[in-house]
Every structure is written in C-alpha cells, then in structure tokens.
Amino acid sequence: MTHALYPDTPPARPLWLVTLADLALLLVGFFVLLQASEKPRAITDALRESFGGTPAPAPLAMMATGVAFATGSAALTDPAAAIAWARDAVRDPRVALTVTGSTDGSAADVDPATGSAALLAADRARSLAAALAPVSRRIAIATNPRPGRRAAILTLAFVGEPQSMDQHR
C-alpha cells in the first residue's frame with residue numbers, strides 16, 4: 001500500500017457545525033410553517049396527536065353577570081337570569097363560580113341591623129350563592145372592599161382540569 005493511493009483529505013467544516021446549521025434551518029422552517037398557517041391551533045393539535053398527546057382543550061370564555069339589589073337590602077328580586085347563566089357556565093367541569101357582593105358606598109347602603117357595608121356586601125353574595133346552590137357546588141363567595149354597585153357579580157373561575165379517579169388510586 002502506498003501513500004499515493006490515498007489522496008489528502010480536503011479541508012472541510014467541522015461535523016458539529018453542519019449539524020447545528022441543519023437543526024437551525026429545521027427550527028426556522030417550523031416557525032415559518034406556524035406563522036404562515038391560517039389555523040396554527042390545528043397544526044399544533046396535529047403535532048401533539050402525532051406524538052401521542054391529546055388536543056388542547058378549548059379556552060374558557062370570560063364572562064360575568066350580576067344581580068342588582070335595592071338600597072340597604074340583600075333580598076333577591078329576580079335571580080332567574082343569573083341562575084340560567086350559571087347553569088350554562090358550569091357545564092364545563094374546569095370552572096367554578098365566584099359570587100362577589102358589593103355596596104355603593106352611600107350611608108344608606110349598609111346592613112340595617114349593624115350599619116356595616118361589608119356585612120351587607122357579604123349578605124348579598126350569600127343570598128345569590130344560596131340561590132345558585134342547586135346549580136353547582138363549586139361556588140366561592142367574596143366581597144368587594146371598595147364602593148361600587150349595589151350588586152352581587154357572578155364570574156367564572158378556572159379551577160383546572162378534572163382529575164380522574166384512576167390518578168388517585
């Protein structure tokens with residue numbers, strides 16, 4: 001064997017540099033694909049499914065409703081619209097309801113027995129929560145410390161994905 005049979009190796013780039021450039025181009029191509037797509041969620045769901053995952057759940061709609069009260073009162077007059085809204089909202093197992101009571105800050109909008117605006121706000125929240133009890137057990141009660149409206153506001157709260165019973169065994 002002679003040295004003439006094996007020519008000198010031409011100068012080349014290091015192998016790691018070629019691999020890095022290939023990976024960078026693949027990454028750029030992926031982001032261009034996502035950006036150019038009209039439905040990026042469809043692409044990400046398809047990629048997630050191809051790797052054995054499940055599609056991401058739909059995002060929660062942010063919404064709220066409320067019930068107005070008379071000055072100095074925590075008595076509900078017509079909660080039917082709020083109850084219907086809540087019944088529709090709690091169909092999604094990822095949500096809970098939050099009832100926030102508030103007062104308008106005037107001297108007349110206080111609890112008649114104690115003269116406390118905070119107690120009246122809590123009573124308003126509790127009265128709406130009691131009306132919603134047949135609809136859902138996932139209800140949190142809060143009060144608004146700042147003067148606002150004479151109302152109890154009902155909002156959705158994200159509580160996470162439902163846990164299956166198999167995960168707890």
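Start at 1 with the first residue, then count along the sequence.
Panel note: side chain Asp92, backbone Val95; no donor-acceptor pair is recorded below 3.5 Å.
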Distance-only donor-acceptor hits, side chain of residues 71-83, under 3.5 Å, sequence neighbours excluded:
from	atom 1	to	atom 2	distance (Å)
Thr71	OG1	Arg150	NE	3.4
Ser73	OG	Ala75	N	3.1

Can you list, pair by pair, the side-chain donor-acceptor contacts under 3.5 Å of residues 16-23, counting residues two or more places apart and other chains?
from	atom 1	to	atom 2	distance (Å)
Thr19	OG1	Leu15	O	3.1

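A pairwise comparison of heavy atoms in Gly105 and Pro147 identifies CA-CB, 3.6 Å as the closest pair. The two residues Leu132 and Val99 have their closest heavy-atom pair at CD1-CG2, 4.0 Å. When every heavy atom of Ser136 is checked against every heavy atom of Leu97, the shortest pair comes out as CB-CD1, 4.4 Å. Scanning all heavy atoms of the two residues, the minimum distance from Ala117 to Thr103 falls at O-CG2, 3.3 Å. Among all heavy-atom pairs drawn from Ala89 and Leu156, the shortest one is CB-CD2, 3.3 Å. Across all non-hydrogen atoms, the minimal contact from Ala142 to Ala125 is O-CB, 3.7 Å.
Grouping the Ile, Leu, Val, Met, Phe, Trp and Tyr side chains by contacts below 4.5 angstrom, directly or via other members, places Phe69 apart from Leu120. Hydrophobic clustering (side-chain heavy atoms under 4.5 Å, transitive across Ile, Leu, Val, Met, Phe, Trp, Tyr) keeps Val90 apart from Ile153. Cluster membership for Ile139 and Val135, using ILVMFWY side-chain heavy atoms within less than 4.5 angstrom, is shared.
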| request: Mind running side-chain contact (heavy atoms from CB on, under 4.5 Å) on Arg149 and Asp104 for me, showing each step along the way? | output: CA-CA 5 Å; Arg149 301 184 328 189; Asp104 66 5; over 6 Å; no
| After noting the C-alpha distance and the side-chain angles of Asp109 and Arg124, does the key distance pass the salt bridge (charged side-chain N to carboxylate O under 4.0 Å, His left out) rule? | CA-CA 12 Å; Asp109 200 27; Arg124 287 175 175 168; 2.6 Å; yes
